[in-house]
Number of protein chains: 2
Amino acid sequence: MAAATAPIIHSTFNIDRIFHALGDPTRRAILEHLSHGPAALSILAKPLDITVAAVVQHVQVLETSGLVHTEKVGRVRTCRMEPAGLSAAERWMQERRTTWERKLDRLRALLGEN
Amino acid sequence: MAAATAPIIHSTFNIDRIFHALGDPTRRAILEHLSHGPAALSILAKPLDITVAAVVQHVQVLETSGLVHTEKVGRVRTCRMEPAGLSAAERWMQERRTTWERKLDRLRALLGEN
DNA sequence: CAATTAGTTAAGTGAAAACTTTACTATTTG
DNA sequence: CAAATAGTAAAGTTTTCACTTAACTAATTG
């Protein structure tokens, strides 16, 4: 019963990789930067005091998780945020949270009826 | 300009700890279990093939992040989900995502006007 | 074309994280 | 009360992760 099983269309997203990518504060800082617009690797590196090589590795993690897309033109690799990955993670959390909240409501209703 | 700065009330939540806690698949499995209702440590441990000691450690991480609350009665420690932490993480993602989506819209509008 | 800029790749280091083992305490139950 | 159950705490092991260094390629610019 309850809601019909949703068709699995968007399973290109690996929730494991997404949450792992989001687990690191530097990668979240990169995402935050990219939310204001696309940026080259060297631009992303500037405010973070780590080497460009480290930034490259973080961006690779973000890219294989699907949270970021990159494209190289000339010698510049431009990174841009890919919002669908975030949506997938938001959905995961929302599902768990609402499942729990519904459970709580039912419990409260039962207790209220006594 | 733009929106007024939101008063910081709910900063009891450490977004760093929350995202770190969510970064581990075993901890997400525990949360998933708890979304269906509170459970004792030993119940949580059963489907995961790791020792109870390891589960205790995961639950400690979840608890210090605020995603889970636990209480010991007799010899049983019962764990229950705390949805507010998830909401905080959802909010973080939604903010970054919508910032980016608004940016995209403005860009599209500009291009559309040409 | 020489110098600079942007990024890449591989290998190594150190620290954090996940997990186990072991020994132990407190509670419950037959 | 003896045995079983539920969890705890500390210490050690293994694995993963973030980061650096260093040597290199390709594109751009003075």
Side-chain angles (χ1 to χ4, degrees), chain A residues 14-34 36-82 85 89, chain B residues 14-34 36-82 85 89:
Chain A
N14 191 333
I15 220 77
D16 273 30
R17 285 186 209 280
I18 291 175
F19 275 109
H20 169 249
L22 290 168
D24 182 85
T26 303
R27 283 192 291 264
R28 284 200 308 283
I30 290 174
L31 273 184
E32 178 126 37
H33 189 138
L34 292 180
H36 298 107
L41 282 177
S42 49
I43 299 294
L44 290 174
K46 228 168 275 171
L48 312 167
D49 56 339
I50 52 179
T51 60
V52 184
V55 175
V56 169
Q57 287 163 16
H58 280 304
V59 167
Q60 273 165 2
V61 171
L62 287 166
E63 194 171 20
T64 59
S65 78
L67 287 165
V68 160
H69 177 256
T70 82
E71 196 174 0
K72 196 168 180 178
V73 174
R75 62 182 169 177
V76 174
R77 180 172 295 279
T78 303
C79 309
R80 124 171 89 75
M81 197 174 143
E82 204 65 69
Chain B
N14 190 332
I15 220 75
D16 272 30
R17 286 187 207 281
I18 291 175
F19 274 110
H20 169 249
L22 290 168
D24 182 86
T26 302
R27 284 193 289 266
R28 284 199 310 283
I30 291 175
L31 273 184
E32 177 126 37
H33 189 139
L34 292 179
H36 298 106
L41 283 176
S42 50
I43 300 294
L44 290 174
K46 228 167 276 171
L48 312 166
D49 56 339
I50 52 179
T51 61
V52 183
V55 174
V56 169
Q57 287 163 17
H58 280 303
V59 168
Q60 274 166 2
V61 171
L62 287 167
E63 194 171 19
T64 59
S65 79
L67 287 166
V68 161
H69 176 255
T70 82
E71 196 176 359
K72 197 171 181 177
V73 174
R75 63 182 168 178
V76 174
R77 179 172 297 277
T78 303
C79 310
R80 122 171 92 73
M81 197 175 143
E82 205 64 71

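Here is the naming used below: chain letters follow the sequence lines, and residue numbers restart at 1 for every chain.
- Nearest to the side-chain atoms of B:L41 among the listed nucleotides D:dC19, D:dG7, C:dC19 stands D:dG7.
- Side-chain contact of B:E71 with B:T78: a donor-acceptor pair under 3.5 Å is absent, judged by distance alone.
- Following rounding to the nearest Å, B:D24 (CG) and C:dA16 (C1') show an atom-to-atom distance of 13 Å.
- Out of C:dG7, C:dA6, C:dA18, the shortest distance to the side chain of B:H58 is found at C:dA18.
- With B:R27 contributing its side chain and B:H58 its backbone, the two residues share no donor-acceptor pair below 3.5 Å.
- An OP1 or OP2 oxygen of C:dT21 is reached within less than 4.0 angstrom by no side-chain nitrogen or oxygen of B:T51.
- Distances shorter than 4.0 Å separate some side-chain N or O of B:R77 from OP1 or OP2 on D:dT8.
- In this structure, A:L44 atom CG and C:dT5 atom C1' are separated by 16 Å, rounded to whole Å.
- Rounded to the nearest 0.5 angstrom, B:S65 OG and B:E82 CD are separated by 10.0 Å.
- Taking atom CG of B:D49 as the reference point, atom P of C:dC19 lies 10 Å away to the nearest angstrom.
- Atoms CZ (A:R17) and P (D:dT16) sit 14 Å apart, rounded to a whole Å.
- OP1 or OP2 of D:dA18 has at least one side-chain nitrogen or oxygen of A:R27 nearer than 4.0 Å.
- With rounding to whole Å, A:Q60 atom CD is found 10 Å from C:dA10 atom P.
- Phosphate proximity of D:dT16 to A:H20: absent, as no side-chain N or O sits under 4.0 Å from OP1 or OP2.
- Residues A:D16 and B:R28 are in side-chain contact: their nearest non-hydrogen atoms beyond the backbone lie under 4.5 Å apart.
- The shortest distance between the side-chain N/O atoms of B:S42 and the OP1/OP2 oxygens of D:dT5 is not below 4.0 Å.
- Interatomic distance, B:D24 CG to B:H20 NE2, rounded to the nearest 0.5 Å: 7.5 Å.
- Between A:V73 and A:G23, it is A:G23 whose nearest contact on DNA chain D lies nearer the 5' terminus.
- Taking atom CD of B:E71 as the reference point, atom P of D:dT8 lies 13 Å away to the nearest angstrom.
- Here the side chain of A:R75 is nearest to one of D:dA10, C:dA10, C:dT5, namely C:dT5.
- Closest to the B:Q57 side chain, of the nucleotides C:dC19, D:dA6, C:dA6, is C:dC19.
- The CD1-P distance, from A:I50 to C:dG14, rounds to 19 Å in whole Å.
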